[in-house]
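Take a look at the structure below.
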Amino acid sequence: LPRLDGGVFLDAFCGVGGKSSLWAEVNRGLRGTYYLIDKYASKLKQAKKHLEKLGVCADMRLVCSDFLTLPLRSLFDGVLLDAPCSGLGR
């Protein structure tokens with residue numbers, strides 16, 4: 001994952017936050033707004049716990065929604081996407 005300073009970034013299907021936690025660590029101390037989207041509230045709750053442990057939760061915006069239905073897809077400077085994702089949250 002590259003270090004990204006400034007901008008608006010998206011983890012389109014964040015799951016329990018494994019990739020987002022790594023992303024937060026790589027970009028610690030840099031400016032930017034990070035949106036973590038998942039359609040399952042239970043997964044977002046786990047992601048929030050991971051990010052709070054790292055002390056980076058304030059930098060992240062967690063959104064419970066299906067990314068495929070959001071009209072915002074073109075408003076991001078960068079997208080983190082795990083494709084194909086197993087969806088197992090491991």
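Numbers here are sequence positions counted from 1. Note that the structure is predicted; figures quoted are calculated from it, not measured.
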From CA spacing to verdict: side-chain contact (heavy atoms from CB on, under 4.5 Å), Leu68, Phe13: CA-CA 10 Å; Leu68 298 176; Phe13 304 92; 4.2 Å; yes
What heavy-atom pair brings [X] and [Y] nearest, and what distance separates the two atoms?
| X | Y | value |
| --- | --- | --- |
| Asp38 | Cys14 | OD2-N, 3.6 Å |
| Leu51 | Leu36 | CD1-CD2, 3.6 Å |
| Tyr40 | Cys64 | C-SG, 4.2 Å |

Validation row: [X], [Y] side chains within 4.5 angstrom (heavy atoms):
| X | Y | value |
| --- | --- | --- |
| Lys19 | Leu80 | yes |
| Arg28 | Leu54 | yes |
| Ile37 | Leu10 | yes |
| Tyr35 | Leu62 | no |

For Asp11, all residues meeting side-chain hydrogen bond (donor to acceptor under 3.5 Å, both in side chains), sequence neighbours excluded: Ser20
For this output row, return yes or no: ring centroids of Phe9 and Phe76 closer than 6.0 angstrom. no
Has the side chain of Asp66 got a donor or acceptor atom that lies under 3.5 Å from a matching backbone atom of Lys39?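 It does not hold such a pair.
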Atom pair OG1/CZ of Thr33 and Arg61 - distance to nearest 0.5 Å: 5.5 Å
Just how far is it from atom CD of Gln46 to atom OG of Ser21, taken to the nearest 0.5 Å? 11.0 Å
